[in-house]
Structure formats: structure tokens, C-alpha cells
Amino acid sequence: MKDMQYISTRGLTEPIGFQRSVMTGLARDGGLLLPQSIPTAAASLAGWAALSYTELAFEIMRLYVDLPDAKLKALIDRSYAAFRHPDVAPVVPVGDVFVLELFHGPTLAFKDIALQFLGNLFSDILEQTGEKLNIVAATSGDTGSAAIHGVRGRPRIHIFVMHPHRRVSPLQERQMTSVLDPNVFNIAVNGSFDDCQGIMKRLFSDLPFKDRYALGAVNSVNWARVLSQIVYYFYAAFRVMEKTGAGQVQFAVPTGNFGDILAGYIAWRMGLPISRLILATNENDILSRFFNTGVYSLGQVVPTLSPSMDIQVASNFERYLYYRLHEDAAALRETMELFGATGSLSVPLNENGRVDDLIAAGAVNTAQTLDVIRRYHAEHGYLLDPHTAVGVFVGERHLSSSSPTICLATAHPAKFGQAIRDATGQDLGHHEILDRLLDAPTRCEVLPADEQAIRDFVSNRAL
Ligand SMILES: *Cc1c(COP(=O)(O)O)cnc(C)c1O
């Protein structure tokens with residue numbers, strides 16, 4: 001049990017422990033929480049290489065948390081017992097790359113890896129403190145269902161999930177609204193995802209409301225989510241290095257909010273031999289533009305085949321920027337204020353004309369996404385979901401003879417059956433869990449995109 005303290009990227013709050021940082025979500029100065037220092041794992045790598053997924057998760061997480069070892073171990077075992085594959089996150093060779101399958105959890109998306117753990121962690125902390133928690137979340141699809149499945153049926157927790165009415169896929173909607181546990185409240189908001197997110201942010205920034213109803217966050221600003229994702233970078237690197245004899249690996253990561261790739265960046269800072277992180281976006285390319293030009297400037301969100309990456313302002317980007325600005329909280333505050341005022345910020349390029357020698361980036365359009373799905377199915381008999389396909393496309397552009405490429409597979413193809421049909425001409429994307437949803441009963445409240453209406457709904461049903 002370590003005494004790691006967490007600090008805000010904006011530098012205006014006192015350091016707090018792990019459990020408090022999990023319950024707080026966003027720091028009270030508006031910044032994001034980070035460990036005061038990143039522990040080095042270089043000396044542990046050899047000893048960790050043969051561990052199982054859950055054993056490895058224990059060794060990594062114990063460096064960051066203030067929980068007794070036995071409790072952490074039980075928490076991890078419980079969280080990953082819900083996965084349908086014994087390796088939790090298996091690595092599969094496909095063509096010239098390795099695919100890291102992160103979709104074997106209850107909702108078939110990589111967010112289960114973090115949200116199963118976070119659900120159990122919330123419960124443990126609340127049981128110990130006797131407190132309660134009202135989770136408020138906004139989702140464009142995957143986060144909502146993974147969060148609901150992470151906390152359904154748990155005492156001391158209510159969860160309110162807003163999604164834009166009729167603007168998430170019917171399947172994603174059913175994954176949420178078919179959960180009938182009395183602690184789960186689905187809200188279909190008559191508006192866009194940005195409306196939902198805007199209302200959520202305003203509720204959280206109303207500190208008296210936040211405190212009175214003990215509001216909790218499950219989006220990727222919560223450090224526990226990033227922490228649980230660090231594990232699979234180590235796990236996959238060990239599998240691939242053992243198989244190929246390589247001394248390093250590179251990862252291709254389909255990216256939206258920068259939470260997944262940030263975990264890879266932290267793994268690299270811990271000393272995992274990652275030669276390159278390959279960031280892949282869809283047409284919503286603010287992050288790939290940033291890593292290629294140094295300028296981070298807002299565009300319009302356009303809908304794509306990979307809706308979980310249809311994002312312009314990436315909520316975890318601030319954590320990366322903090323390191324890029326040499327952990328200077330004052331410089332970060334100034335940069336974020338400028339971004340808030342103008343919708344744009346920039347960093348100087350290095351001597352190689354790059355933002356960061358570790359991070360390569362590219363954007364992928366719809367035709368290219370469909371083509372990768374078609375090609376991998378035709379040539380390798382392997383189905384990629386459209387998010388994974390975006391990562392594989394950019395990953396293939398950066399193949400290296402000395403460093404095998406691991407592509408993160410973030411969703412099961414059956415979640416995006418229409419894209420699979422469009423790409424292959426065949427109805428191949430199915431999974432029994434999803435097929436069963438078709439005639440499941442559902443429960444959901446439709447509300448206007450109005451802050452007061454949501455506020456009333458939450459306060460009338462909060463614990
Ligand atoms: C959330 C999500 C992503 C993007 O992950 P970030 O952490 O937001 O970068 C990619 N693919 C799928 C399927 C997702 O659900």
C-alpha cells in the first residue's frame with residue numbers, strides 16, 4: 001500500500017490520495033488529477049513478464065493506490081471475472097500486425113476494462129466510508145452502457161445516464177435501456193450529445209449541487225479509468241515480445257478523448273519499451289492535426305462510422321499537455337485559458353519538426369475504414385469493428401522491422417453490424433449477447449435538453 005498523492009494539472013488544489021481522487025473525478029480547480037510522480041517499472045519488467053492479466057494488474061495498480069493489497073487483489077479478481085476470455089485481453093496475430101482484443105467484457109467494448117474495475121472500486125470505497133454516490137454521465141454510446149453495467153444493482157450508487165434521443169444506434173440504446181435495475185436511470189435527451197455533455201458539465205461545476213448530491217463521474221477524466229488501462233499495454237507488450245523476440249513494440253490506438261492512448265503514454269513513462277504510439281482518428285481529426293502541426297484548434301464534429309471517436313475537445317488531452325509543458329501548471333493554465341477564449345492553442349515543434357518523437361498520428365476517412373474492414377476479412381478472415389479499423393489503417397502506415405505493431409481492438413464488430421455489412425456485403429457482425437437484446441424490455445425517460453429539467457429529475461431520484 002503506497003502513499004501516492006494526486007495533484008491537479010492546474011496546480012491550484014492540495015494533493016489528495018487515490019481514493020479521494022477517484023470520488024472527486026475532476027479536480028476542484030477545473031484541472032485533471034495526475035499522480036504526483038510516475039513510478040518507474042524498468043527494474044520490474046523481467047519479473048512481470050510471465051504474470052497473468054490479473055496478477056499484472058495487481059503489481060501495476062498497487063504502485064498507484066492507497067488500498068490494502070488484499071483488498072486490491074480481490075477487487076481486480078472480481079472485476080475481470082466478468083470477462084468472457086481467460087486472458088481478459090488476448091493478443092491475436094493478424095497479417096502484419098498483432099490485434100489486442102479489448103472487447104471481451106459485458107458490453108463488448110474496451111471501456112468495460114476500466115468501468116468494471118471502477119464500479120467495484122466505488123462500491124468498496126462507499127462501503128468503507130458509509131457514503132453514497134450519484135453518478136451523472138453523458139454518452140454518445142459506449143461509455144454509458146459500460147458504466148451502467150459496471151454499477152447496476154449496487155447499493156449506495158444511483159446512475160443517471162443522458163444520451164441524445166434517437167441519435168445513438170438502436171443497439172447502443174438497448175444496451176443501456178434494457179438494464180432494469182432500480183438504481184439505473186436512463187435519460188433520452190431531446191438534443192445532441194453536446195447538449196448532454198454541456199448539461200453534465202454545468203451540474204458538476206455547480207459545486208453546492210455537486211456536494212449536496214455527492215455527484216460522481218465515470219468519464220475518462222477519472223484517473224482510475226486511465227490506471228486500469230495501463231495494464232493492457234504491459235500485458236500485450238510482454239506477449240508480443242515473448243512471441244517475436246523483439247525488445248520493443250509500438251501501439252496503434254484509435255483515439256477520441258485521448259484516454260486510451262494516455263494510458264499507453266503513462267506506460268511508456270513507467271519504462272515499458274514502447275518505440276512509438278500511433279494515434280489514429282477518424283475525420284474528427286483535431287488530435288492528429290495537433291501531433292502533425294503543433295496546433296490544436298477546434299473544428300465541427302462530423303458523424304462517422306466510428307461514433308465513439310466523434311469528438312473535438314478531447315478531455316484527457318490536458319493530461320498529455322501537462323507533461324508536454326514540462327509539468328508547469330502555470331504554463332498549462334495559461335494555455336488552457338487561451339484555448340477557452342480562442343478555440344486554439346499551440347506548442348513549439350522540436351528539432352525534428354515534431355510535437356513529440358514518441359507519437360505519430362494520422363486521420364482516416366470513411367472509404368478507407370470500410371476498405372480496411374473488407375481487406376482484413378477477405379485476406380485474413382478477421383473482422384475489425386470500424387474503430388479498430390481506423391487504428392489498423394494508420395498502424396499499417398508505420399510498420400517497423402524492429403518493433404512489432406500492436407493494434408488496439410476497442411469494440412466487438414457485432415456492435416457495428418451496419419459498417420460490417422457495408423464493408424463486406426455480408427451480414428457477419430453478430431453476437432448472442434446483442435441478438436438477445438432485440439426483444440428485451442426497456443426503461444427510459446425522455447426529457448427536454450434543458451438543464452433545469454435534468455436537475456429536477458436527478459435531485460428527485462438521487463440517493
Ligand atoms: C471510447 C472509444 C474509443 C476512444 O477511446 P478514447 O479513450 O476516448 O480515446 C475508441 N473505440 C471505441 C469502441 C470506444 O468506445
Side-chain angles (χ1 to χ4, degrees), residues 32 89 99-115 118 137-150 163 168-169 171-172 175-176 193 197 218-230 232-233 251-266 277-282 284-288 290-291 301 304-320 359 361 363-364 369 373 383-395 407-417 419-420 429 431 434:
L32 278 81
V99 175
L100 168 57
E101 294 184 346
L102 300 171
F103 51 68
H104 293 286
T107 72
L108 310 176
F110 93 100
K111 293 189 169 71
D112 288 325
I113 296 215
L115 285 162
L118 185 59
T139 187
S140 56
D142 288 334
T143 301
S145 55
I148 287 170
H149 284 78
H163 69 265
V168 301
S169 84
L171 193 61
Q172 287 179 320
Q175 279 192 296
M176 297 188 278
F193 170 65
Q197 181 135 292
V218 289
N219 51 5
S220 56
V221 304
N222 198 309
W223 171 256
R225 280 190 59 180
V226 177
L227 174 60
S228 38
Q229 293 169 184
I230 295 171
Y232 52 71
Y233 284 89
F251 288 93
V253 190
T255 296
N257 257 327
F258 207 82
D260 197 356
I261 197 166
L262 180 81
Y265 181 74
I266 303 285
L277 290 168
I278 303 161
L279 180 151
T281 67
N282 59 29
N284 297 291
D285 62 351
I286 180 169
L287 285 167
S288 74
F290 171 74
F291 282 100
V301 178
T304 71
L305 294 177
S306 42
S308 299
M309 310 191 320
D310 292 348
I311 287 165
Q312 284 289 337
V313 180
S315 50
N316 268 290
F317 178 66
E318 180 167 331
R319 285 188 167 121
Y320 169 77
I359 303 180
V364 182
T369 306
I373 297 173
L383 272 184
L384 302 168
D385 99 281
H387 303 76
T388 306
V390 165
V392 168
F393 183 93
V394 185
C407 296
L408 274 58
T410 51
H412 191 285
K415 287 195 89 165
F416 300 94
I420 302 296
H431 193 288
L434 301 176

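First listed ligand is number 1; within each ligand, the first listed atom is number 1.
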Asks: Mind jotting down which protein residues get a heavy-atom contact under 4.0 Å with ligand 1? Chain and number order, please.
Replies: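 These residues qualify: Phe110, Lys111, Asp142, Pro254, Thr255, Gly256, Asn257, Phe258, Gly259, Asp260, Ser308, Met309, His387, Thr410, Ala411.
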Asks: Which pairs count as salt bridge (charged side-chain N to carboxylate O under 4.0 Å, His left out) when at least one residue sits in residues 304-315, sequence neighbours excluded?
Replies: none
Asks: Assess, by modelled atom type and distance only, whether the side chains of Asn222 and Arg225 contain a donor and an acceptor separated by less than 3.5 Å.
Replies: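 Note: Asn222 and Arg225 side chains miss the donor-acceptor criterion.
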Asks: Can you tell me how far the OG1 atom of Thr281 sits from the CD1 atom of Ile261, to the nearest 0.5 Å?
Replies: 10.5 Å
Asks: Could you pull out all residues at least two apart from Ala147 that satisfy side chain to side chain contact (heavy atoms under 4.5 Å, CB included)?
Replies: Leu115, Ile159, Val218
Asks: Check side-chain hydrogen bond (donor to acceptor under 3.5 Å, both in side chains) between Gln197 and all other residues, then give those that pass, not counting sequence neighbours.
Replies: none
Asks: Does Phe258 have its ring centroid less than 6.0 Å away from the ring centroid of Phe290?
Replies: no
